[in-house]
Amino acid sequence: VRVGTALVDLYAKCGLLEKAKAAFNKLPYHDVISWNALITGYVQHALEDEALSCFKQMHFDGVLPDDVSFVCMLKVCGSLGAVFKGYEMHAEIIKKGWLEKGSTIVSALVDMYANCGLSEEAREVFDKLSIRDTVDWNALIAGYALLGQDQDAFHMLCEMLKQGSNPDLVTFTTILNVCSHGGLLEKAETFFQVMLIDHQIEPTLKHFTCLVDLYARAGQLDKGEAVILKLPFQAD
RNA sequence: CGCGUUGUGGAAGA
C-alpha cells in the first residue's frame, strides 16, 4: 500500500489524475494516507469538487480524516470562498485539539480565511499562536497583500522583525509584490537591499520580476532593462 | 535527520 500510494502521489502530482485514481482503486485497501494523496492531487490541480467528493467518500468508507486531510480541505474552502464550510472545519479542528498539533494547520487556517476575504479572522487565528514560524507570518502577510491591505502587510513585516522571526525569500516576494502593486518604487528598492544585506537572501526570478515591473510602471525602462541584463540566470 | 500524503510567494497574456 505504501508503494501504491507513492504511485498515486506521483500520477497526481503530474496532473494525471485519471491514472492516479486508477492506481488508487487498485490498492488492496485505502488508509487515510492514500486518501490524502489522491485528494491533494485534486486540490493541487484546482479540481475542488473532486476533492470534496473524495473527502465525503472517505468518510463514507469509514476512514477518519487526520490533520493532513483538514489542511487539504481548508485549501479547498479558500479556493472556493466557502466561508461557512471553513468555519465548520475550524470548529472541528478546535474540537479535536489540533490547533496545537503544529503550525501547518494554523497557517492553513490563516490562508483559508485570507482567501475568503476575511482578514480579521485570519488575524485572530494568527494572534492566538504562541509560537510563530516564518510560514505563519508569510501566510498572514500574503493575506493582507491579497486583500489590498498594504499598510497591514508592511506593518506585519515590521512586527515579524521586532519579534525576531527570520523573513525568507517568500516574505520578500510578497512584500515586493505589494510595492509593485502600489507603485512604491523606493520602498521596493529599500526592501530589496534589506533582503540582500541584512538577511543575505539570494534573490530569485520572482524578486527581479517585481523590480522590473516597478521600473516599467514608473517609466524607467532603462533601469528595468539594466536589471534584466544583470540577471544571474536566464530571463523568462 | 529523511525514507507513502499536508501549510505561505511574482508580471503580463488568454
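- Side-chain atoms of A:Asp136 come within donor-acceptor range of the base of B:rG7, with a qualifying N/O pair under 3.5 Å.
- What separates NZ of A:Lys13 from P of B:rG4 is a distance of 12 Å, to the nearest Å.
- Between the CG atom of A:Asp111 and the P atom of B:rG7 there is a distance of 10 Å, rounded to whole Å.
- In the set B:rU6, B:rG4, B:rU8, B:rU8 carries the atom at the smallest distance from any side-chain atom of A:Ala139.
- A:Asp168 pairs with exactly one of A:Thr134, A:Thr173, A:Asn138 by the side-chain hydrogen bond (donor to acceptor under 3.5 Å, both in side chains) rule, that one being A:Asn138.
- If you check every strand for non-hydrogen atoms under 4.0 Å, A:Leu109 touches nothing.
- In this structure, the separation between SG on A:Cys210 and CZ on A:Phe172 is 12.5 Å, given to the nearest 0.5 Å.
- Side-chain atoms of A:Asp31 come within donor-acceptor range of the base of B:rG4, with a qualifying N/O pair under 3.5 Å.
- What separates CH2 of A:Trp98 from P of B:rG7 is a distance of 16 Å, to the nearest Å.
- Here A:Thr174 lies in heavy-atom contact (under 4.0 Å) with sugar-phosphate atoms only.
- In terms of phosphate contacts, A:His181 brings a side-chain nitrogen or oxygen within less than 4.0 Å of OP1 or OP2 of B:rA11.
- Among the protein residues, A:Ser34 comes within range of the nucleic acid bases, having at least one heavy atom under 4.0 Å from a base atom.
- Here A:Asn36 does not reach the OP1 or OP2 of B:rG4: none of its side-chain N or O atoms lies under 4.0 Å away.
- Contact annotation: A:Arg217 reaches the phosphate of B:rA12 (side-chain N/O to OP1 or OP2, under 4.0 Å).
- For B:rA11, the OP1/OP2 oxygens have no side-chain nitrogen or oxygen of A:Lys206 closer than 4.0 Å.
- Under a cut-off of 6.0 angstrom, the local environment of CD in A:Gln220 is crowded, with over 12 non-hydrogen atoms contributed by other residues, nucleotides or ligands.
- Within 4.0 Å of A:Asp133, counting heavy atoms only, lies at least one base atom of the nucleic acid.
- Across the protein-nucleic acid pair, A:Asp236 atom CG and B:rG13 atom C1' stand 13 Å apart, rounded to whole Å.
- The ring-ring contact (aromatic ring centres under 6.0 Å, His included) with A:Trp35 is formed by just one residue from the set A:Phe55, A:Phe24, A:Tyr42; it is A:Phe24.
- For the pair A:Leu146 CG and B:rG10 P, the interatomic distance rounds to 9 Å; values are reported in whole Å.
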